Asker: 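My structure is below; once you've seen it, I'll send some questions.
Atom set for the values below is all heavy atoms of this structure, side chains included, hydrogens, waters and symmetry mates excluded. Keep in mind the model is a prediction, meaning the values are calculated, not measured.
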Amino acid sequence: MHAREMAEEFPVIGLDSDAWEAARLLAEHRLPGLVVTDPDGCPHSILPASQVVRFLVPTYVQDDPSLAGVLSESMADRVADKLRGKKVRALVPEEPPELAVVRDDDTIVEVAAVMARLQCPLAAVMAGRTLVGVITASRLLELALR
């Protein structure tokens, strides 16, 4: 089986898209992440849901999680407000990790190797310079366990 046969339609989002919308997509569809595209529609990076969660938590709480308990309920209830008015590019690290990209004719083992090496929950499937779909780790496992 080749990557093009494993790929699924999957929401993608642009670097200049609204960060709130990206978070809503992740939450509404319970996605492990999103493929982020550049202005030309080519994959730029993967935005894992965990990175969005990390953006929501103040750095001082990340450094000392015991401080989370002292935040007031009203502060905790407004944690997602940090996303308002932000672009997706604010959520992506300045130096994003290597992008999990596979060719449309790669085998399941080749796709698994890329995802494992990069510890990425998604792989963008490309036919030349065209994004043809995405393979999630759960889809890969589903096919491997058949």
Side-chain angles (χ1 to χ4, degrees), residues 1-65 67-68 71 75-146:
M1 176 175 291
H2 291 104
R4 74 179 145 273
E5 299 159 324
M6 294 183 273
E8 301 176 284
E9 282 189 31
F10 202 83
V12 297
I13 199 143
L15 278 168
D16 291 318
S17 296
D18 184 68
W20 181 268
E21 177 63 18
R24 190 192 62 71
L25 269 173
L26 289 165
E28 190 174 291
H29 299 286
R30 297 184 180 207
L31 302 173
L34 292 168
V35 174
V36 179
T37 57
D38 65 18
D40 295 328
C42 293
H44 171 273
S45 57
I46 301 291
L47 178 63
S50 59
Q51 180 68 22
V52 178
V53 170
R54 186 170 189 243
F55 181 83
L56 297 178
V57 178
T59 305
Y60 65 89
V61 175
Q62 291 178 41
D63 294 341
D64 185 358
L67 295 175
L71 293 177
M75 287 177 72
D77 289 344
R78 293 190 323 261
V79 72
D81 286 346
K82 280 184 75 174
L83 294 169
R84 294 202 188 276
K86 299 275 190 298
K87 301 289 183 194
V88 168
R89 69 175 61 248
L91 306 177
V92 177
E94 277 188 41
E95 293 293 322
E98 184 180 345
L99 181 60
V101 174
V102 297
R103 293 186 320 265
D104 65 335
D105 61 349
D106 283 353
T107 67
I108 192 168
V109 175
E110 290 170 311
V111 174
V114 168
M115 292 174 86
R117 181 175 60 80
L118 298 176
Q119 298 180 15
C120 192
L122 305 173
V125 180
M126 302 293 291
R129 293 192 38 83
T130 304
L131 177 66
V132 295
V134 172
I135 300 171
T136 62
S138 56
R139 171 79 171 145
L140 188 107
L141 288 171
E142 173 192 22
L143 294 169
L145 294 173
R146 281 189 182 164

Asker: Residues two or more places apart in sequence or in another chain: which of them pass side chain to side chain contact (heavy atoms under 4.5 Å, CB included) with P43?
Answerer: V35, L99, A124, M126, L131
Asker: State the CZ-CG distance between R24 and L83, to the nearest 0.5 angstrom.
Answerer: 12.5 Å
Asker: For a 4.5 angstrom cut-off between non-hydrogen side-chain atoms, does K86 reach L91?
Answerer: no
Asker: Find out whether P93 and Q51 are in side-chain contact, i.e. whether some heavy atom of one side chain is under 4.5 Å from a heavy atom of the other.
Answerer: yes
Asker: Are the side chains of V36 and V12 in touch, meaning some heavy atoms are under 4.5 Å apart?
Answerer: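 Not touching, per the 4.5 Å side-chain cut-off.
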Asker: Let me confirm one number: the CD1-CE distance from I108 to M1, rounded to the nearest 0.5 Å.
Answerer: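 Going from the CD1 atom of I108 to the CE atom of M1 covers 7.0 Å.
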Asker: Is atom CZ of R117 surrounded by more than 12 heavy atoms (other residues, nucleotides or ligands) closer than 6.0 Å?
Answerer: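 Counting neighbours around CZ of R117, more than 12 heavy atoms of other residues, nucleotides or ligands fall under 6.0 Å, so yes.
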Asker: How about I13 and L25: do any of their side-chain heavy atoms sit closer than 4.5 Å?
Answerer: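 When only atoms from C-beta onward are counted, L25 and I13 do touch, with a gap below 4.5 Å.
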Asker: Does the side chain of P32 come within less than 4.5 Å of L122's, by heavy atoms?
Answerer: yes
Asker: Out of curiosity, H44 NE2 to D38 CG, how far, rounded to the nearest 0.5 Å?
Answerer: 7.5 Å
Asker: With rounding to the nearest 0.5 Å, note down the distance linking NE2 in H2 to CD in E5.
Answerer: 7.0 Å
Asker: Might you confirm whether atom CD of E8 has over 12 heavy atoms from other residues, nucleotides or ligands at distances under 6.0 Å?
Answerer: yes
Asker: Quick check: do T136 and P121 have side-chain heavy atoms less than 4.5 Å from each other?
Answerer: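 Answer no - side chains too far apart.
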Asker: Do the charged groups of K87 and D18 touch, with an N to O distance under 4.0 Å?
Answerer: no
